[in-house]
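Pasting a structure here, questions to come.
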Amino acid sequence: AITTFLRYSEQDEYFEAVYGNGDITRHALTQLAVFSSERETSTVRSGLQYVNMYVNAPILKNMTLIDTPGLNSLNDDHTEQAMNVYKAADDGIWIFNFGKIGTSSEMTELKKLLKLQLHPLGVINMIDLSDSDDLTDLYSLTKQKLEGAVRDVIGVSALEAIDAIADQDDELLQLSNINVLKNNLASIQVDPSKRYISLTPAFEALRES
């Protein structure tokens, strides 16, 4: 229910709640749901602008990942939060649920991203629900259905990845496809063209003024 910036921390893991009046409070990660879940009605969310979450994840050394509320949410505040982030982002990832890909509302919002010069990577989560280990046809059909709204499609199972890491199960980790997603993220952080594309409209507007 709140925009969350995932940032690197070499030691302590915690999060900051940042309020519109300038106040910043620090909390243990175990308290995150109180601040970020729509199911919570705590007064601590009153005036909350966004959350900075600091975790010891090496991939965050050179990039900040931003988790936004869904763009196709029925909550106007969620949509506004997400759009504000995408206007400033270098790149985007759109996460689909397996078996529910490319709804009309999703297509509407994806087309808005194209107007912002963002061509996101499409990620299908929960591929462990598939009856087949070969998802080539699913990826192909998904790309056709999305009509170029995403630049590519990959599938992952976050659940299998979590279990594989906990159990140190390399075979299950490979099945989860999570490393394919990590490699895609790594390629983004070394590709300056993404930033150039996102900044060009701003430079053009400045030049014209």
query = Do Val51 and Glu16 have side chains that get closer than 4.5 Å, going by heavy atoms?
reply = no

query = Same hydrophobic cluster for Ile2 and Val44, using side-chain heavy-atom links shorter than 4.5 Å among ILVMFWY?
reply = yes

note = When rounded to the nearest 0.5 Å, the distance separating CD of Gln49 from CG of Asp23 is 11.0 Å

query = What about Leu60 and Ile93, same hydrophobic cluster or not, with Ile/Leu/Val/Met/Phe/Trp/Tyr joined at side-chain heavy-atom distances under 4.5 Å?
reply = yes

inquiry  = Please report the interatomic distance CG(Asn56) to NZ(Lys61), rounded to the nearest 0.5 Å.
reply    = 8.0 Å

ask   = Below 6.0 angstrom between ring centroids: does that apply to Tyr54 and Tyr8?
value = no

Just list the side-chain donor-acceptor pairs under 3.5 Å for residues 165-172, sequence neighbours left out, or say none.
unit_1	atom_1	unit_2	atom_2	d
Asp169	OD1	Glu171	N	3.1
Asp169	OD1	Leu172	N	3.0

task = Examine Tyr14 together with His27 and report whether their ring centres are nearer than 6.0 Å.
result = no

request  = Drop me the distance from Asn52's CG to Thr4's OG1, to the nearest 0.5 angstrom.
outcome  = 9.0 Å

request  = For the residue pair Tyr19 and Thr25, establish whether any side-chain heavy-atom pair is separated by less than 4.5 Å.
outcome  = yes

task = Would you confirm whether His119, through its side chain, and Asp91, through its main-chain N or O, come within 3.5 Å as a donor-acceptor pair?
result = no

Could you pull out every donor-acceptor pair under 3.5 Å between side chains of residues 121-131 and any protein atom, sequence neighbours left out?
unit_1	atom_1	unit_2	atom_2	d
Asn125	OD1	Ala158	N	3.2
Asp128	OD1	Ser157	OG	2.7
Ser130	OG	Ser132	N	3.1
Ser130	OG	Ser132	O	3.1

query = If you round to the nearest 0.5 Å, how far is CG of Asp90 from CD1 of Ile66?
reply = 8.5 Å

ask   = Got a second to check how far Ser209's OG is from Glu204's CD, nearest 0.5 Å?
value = 11.0 Å

ask   = Do Asp163 and Leu159 have side chains that get closer than 4.5 Å, going by heavy atoms?
value = yes

task = Can you establish whether the number of heavy atoms outside Glu13 located under 6.0 Å from its atom CD is more than 12?
result = yes

Check: Lys112 and Tyr86 side chains under 4.5 Å, non-hydrogen atoms = no

inquiry  = For the CG atom of Leu146 and the NZ atom of Lys143, what is their distance to the nearest 0.5 Å?
reply    = 10.5 Å

